[in-house]
Amino acid sequence: MSTSEPETVLDLFSRPAALYRLCNSDTAPVNGQPIRETGLHSVDWGTVATSVVAAACTAVFVTLAVEYLAKPSLEARKERILQQHKARRNGRTQLLRIRELGIRLSAHRRIPKASTSNRALHREIYAEFNKELPDAVKKFDEAFQEIAPSLPRLIYSAVTGYLGVVKAIAMSEGSWSHKGSNISLATLPMIDVWDTPRWRCIRLRRRVRQLELVLDTAVDLFRQGKGVEALDEKEPAGGTAELTS
């Protein structure tokens, strides 16, 4: 190899002495050019430190921004979602309670003749059921109001229609048995609507339509002073005595 030509890296690796000079000199040739000219041997530690500091400051800034700006809104949203789930569970509990009271009141229509001597006791028990019914409807209304802003219009309209009918029947002075049977009739499809996921659009629409039909039937029956038994083809067998509220 001519001494006038610059040494390459491969040539230097073939000679330990030349390799040592390569590692300890910034003028050793690399591909025909001095290392000082290529800039491969020198490191700008000021630039490195600036980059590290900038990255650290950015990380701290983002963390503080999330902590003080985004986190409060996320916590509020989490709390709101938990409240809505609680209200939905409470609403379903009250619907089940309304239906239970309706079924119990509907049993006041006819009781066995053998129980006639206990008429006063029966009236006291059913009067308590009749007293609890408006309170259960009120609690369901309160649970509904908590989640009403987040409900689709279809569900919102269905629930308000149900509440209007049930409140009118529960606060009326009609027969306890007719009141209970009509409320029980209207509440069952309301439970189905309440339990249907929002994304099941077709099923939800079908159940809302069924609820509307049942509400119309319950209103017509109550206006006529009748209960669900009027829909039966056959009247109950004899041997019973009527109790009126």
Side-chain angles (χ1 to χ4, degrees), residues 1-96 139-160 162-163 190-208 211:
M1 179 180 296
S2 176
T3 57
S4 61
E5 297 180 357
E7 295 177 313
T8 64
V9 175
L10 294 178
D11 295 332
L12 293 173
F13 269 96
S14 63
R15 293 179 295 170
L19 181 62
Y20 177 80
R21 290 197 305 272
L22 172 67
C23 297
N24 293 274
S25 175
D26 57 1
T27 59
V30 175
N31 293 330
Q33 295 182 356
I35 295 180
R36 176 180 297 174
E37 296 181 5
T38 62
L40 297 176
H41 188 71
S42 60
V43 176
D44 190 351
W45 292 107
T47 303
V48 174
T50 303
S51 302
V52 172
V53 171
C57 291
T58 302
V60 172
F61 176 78
V62 171
T63 302
L64 293 177
V66 171
E67 183 73 20
Y68 291 100
L69 298 179
K71 190 173 181 179
S73 61
L74 293 176
E75 289 293 335
R77 184 172 182 271
K78 177 182 177 181
E79 186 67 23
R80 185 168 61 254
I81 292 175
L82 292 177
Q83 285 294 114
Q84 289 178 355
H85 280 289
K86 181 179 179 180
R88 288 190 65 86
R89 291 193 301 268
N90 185 36
R92 191 179 194 281
T93 300
Q94 297 306 321
L95 283 173
L96 294 175
K139 289 182 179 179
F140 172 70
D141 191 9
E142 293 174 351
F144 165 66
Q145 295 301 329
E146 290 187 25
I147 62 174
S150 64
L151 291 178
R153 181 178 301 179
L154 182 65
I155 301 179
Y156 182 87
S157 300
V159 178
T160 52
Y162 166 80
L163 282 171
M190 182 66 251
I191 296 176
D192 291 337
V193 172
W194 192 263
D195 291 343
T196 304
R198 301 179 188 179
W199 57 272
R200 303 296 297 268
C201 300
I202 297 177
R203 177 181 295 182
L204 182 60
R205 289 182 179 277
R206 185 171 64 249
R207 289 184 172 181
V208 168
L211 172 63

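Between Arg207 and Thr196, the side chains place a donor N or O and an acceptor N or O closer than 3.5 Å (distance only, hydrogens not considered).
The two residues Ala148 and Tyr156 make their nearest non-hydrogen contact at CB-CE1, 3.8 Å. The two residues Lys139 and Asn90 come nearest to each other via the heavy atoms O-ND2, 4.5 Å. In terms of heavy atoms, Ala143 sits closest to Ala87 at CB-O, 3.6 Å. A pairwise comparison of heavy atoms in Arg198 and Ser150 identifies NH1-O, 3.0 Å as the closest pair.
The line from CD1 of Ile147 to CD1 of Ile155 is 8.5 Å long, rounded to the nearest 0.5 Å. Taking CH2 from Trp199 and CG from Leu204, the interatomic distance works out to 11.5 Å, rounded to the nearest 0.5 Å. In this structure, OH on Tyr162 lies 7.5 Å from CD1 on Ile191, to the nearest 0.5 angstrom. From Glu146, atom CD reaches atom CZ of Arg88 across 12.5 Å, with rounding to the nearest 0.5 Å. Here the CG-NZ distance, from Leu82 to Lys86, works out to 10.0 Å after rounding to the nearest 0.5 Å. The OG1 atom of Thr93 sits 11.0 Å away from atom CZ of Phe140, with the distance rounded to the nearest 0.5 Å.
A heavy-atom distance below 4.5 Å is found between the side chains of Arg203 and Arg206.
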